[in-house]
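Below you'll find the structure, written out as structure tokens, and then a few comments.
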Number of protein chains: 2
Amino acid sequence: MLHALSDPMRLQIVRFLWPLEQDEEAPCSAIDLAITKSTTTHHFRVLREAGVIRQVYRGTAKMNALRRGDLDALFPGLLDAILTADAARRGREDRLARSPA
Amino acid sequence: MLHALSDPMRLQIVRFLWPLEQDEEAPCSAIDLAITKSTTTHHFRVLREAGVIRQVYRGTAKMNALRRGDLDALFPGLLDAILTADAARRGREDRLARSPA
DNA sequence: ACGTTCATACGATAAACGACGTACTACGAT
DNA sequence: ATCGTAGTACGTCGTTTATCGTATGAACGT
């Protein structure tokens, strides 16, 4: 589980899925990752097998959603802490990259 | 950082260091890990390079301590959430292993 | 029926990782 | 001076991992 979230790409996926409302879903293709489709499939599979997301076929597309409830039951506060920390970290890096005077 | 904590051995080290008071320290050898000394060194190095622990030589022994302050500043609540979740997970597994009637 | 789109499956490959053993250094005790 | 102890450095080995390309399958639109 921690391993599943310790990859930048996967964390980006989770970050993308995070603001969705309960039972709201997004197809895999909604996220623009700098990797090929097959690698994307791989990461989604890792997340699914770690219990982080659930995937359902809706006609032609495969919809994804975070398993917020289950995650908060098993790992209370974890996902929240990780995403908060990641947002802060990226904030720092952005500030660094812009090299303020 | 997440990667550093996503290994069972390293998590065990952090779990061991966790209950220590501020500025209390423990030598590497205080933890009984089911791995050789060289592998132990490797894991301690990963933790140190990830900023999770700090290591100081005290005479002949190398003392270790969690960098609680820095970690809570950079990743508020993360370590807490991880250790809580891990404790719960291990609790579940123990209960499963004992196979209650 | 045909092509398009979305996602998976199946290699292949290069890098990273965990684990080991051995050799080495630094310190303290005898 | 010698030995033991604690930890590191380095090389190796097998496994896992992230990435890719290509081929495949399922559903929709024309």
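Here is how names work: the chains are called A, B, and so on, in the same order as the sequence lines, proteins then strands, and each is numbered from 1.
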Query raised in the report: What parts of residues 2-14 of chain A reach DNA chain C, counting only heavy atoms under 4.0 Å away?
Result: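 None - not one residue of the stretch has a heavy atom sitting under 4.0 Å from the strand.
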Roughly, in whole Å, what's the span from [atom1] in [X] to [atom2] in [N]?
| X | N | atom1 | atom2 | value |
| --- | --- | --- | --- | --- |
| Asn64(B) | dT8(D) | CG | C1' | 13 Å |
| Leu33(A) | dA7(C) | CG | P | 12 Å |
| Tyr57(B) | dT5(D) | OH | C1' | 13 Å |
| Ile31(A) | dC6(C) | CD1 | P | 14 Å |
| Asp32(B) | dA6(D) | CG | C1' | 15 Å |

Heavy-atom side-chain contact between [X] and [Y] under 4.5 Å:
| X | Y | result |
| --- | --- | --- |
| Trp18(B) | Arg68(B) | yes |
| Arg98(A) | Asp94(A) | yes |
| Arg89(B) | Leu74(A) | no |
| Leu78(A) | Leu71(A) | no |

Requested in this report: Answer yes or no: does a side-chain N or O of His42(A) lie under 4.0 Å from OP1 or OP2 of dA9(C)?
Outcome: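 Negative; the distance criterion is not met.
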Query raised in the report: Using a cut-off of less than 4.0 Å, is there contact between a side-chain N or O of Arg45(A) and OP1 or OP2 of dA9(C)?
Result: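 Affirmative; the distance criterion is met.
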Report task. Pick base, sugar-phosphate or nothing for Phe44(A), based on heavy-atom distances below 4.0 Å to the nucleic acid. Result ->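 Since no nucleic acid heavy atom lies under 4.0 Å of Phe44(A), the category is nothing.
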**Report entry** Backbone N/O of His43(A) and side chain of Arg10(A): donor-acceptor pair under 3.5 Å
**Finding:**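 No; zero donor-acceptor contacts below 3.5 Å.
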Requested in this report: May I ask you to decide if Ala26(A)'s main-chain N or O and Asn64(A)'s side chain share a donor-acceptor pair within less than 3.5 Å?
Outcome: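 It does hold such a pair.
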Query raised in the report: Which angle, rounded to 10°, do you find between the first-five-pair axis and the last-five-pair axis of the helix from dA1(C)-dT30(D) to dT30(C)-dA1(D)?
Result: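 One end axis against the other gives 10°.
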Query - Under 3.5 Å side-chain donor-acceptor pair for Thr36(A) and Thr39(A) - result: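 There is such a pair (donor and acceptor under 3.5 Å, judged by atom type) between the side chains of Thr36(A) and Thr39(A).
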Report task. Could you grab the distance from atom OG1 of Thr41(B) to atom NZ of Lys62(B), nearest 0.5 Å is fine? Result ->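 Separation between the atoms: 8.0 Å.
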Query raised in the report: What distance separates Arg58(A) CZ from Met63(A) CE, expressed to the nearest 0.5 Å?
Result: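 Between Arg58(A) CZ and Met63(A) CE, I get 7.0 Å after rounding to 0.5 Å.
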Query raised in the report: From dT8(D), dT19(D), dT8(C), pick the nucleotide closest to the side chain of His43(A)?
Result: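 It is dT19(D).
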Query raised in the report: Would Arg90(B) and Asp86(B) pass as an ion pair if we require N to O under 4.0 Å?
Result: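 Looking at Asp86(B) together with Arg90(B), the answer is yes, because their closest N to O distance falls below 4.0 Å.
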Query raised in the report: Would Val46(B) end up clustered with Phe75(B) when hydrophobic side chains under 4.5 Å apart are linked, directly or stepwise?
Result: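 As far as the 4.5 Å side-chain criterion goes, Phe75(B) and Val46(B) are not connected within one cluster.
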**Report entry** Heavy-atom protein contacts under 4.0 Å, nucleotides 20-30 of chain D, coded B base, S sugar-phosphate only, - none
**Finding:** BB-----SS--
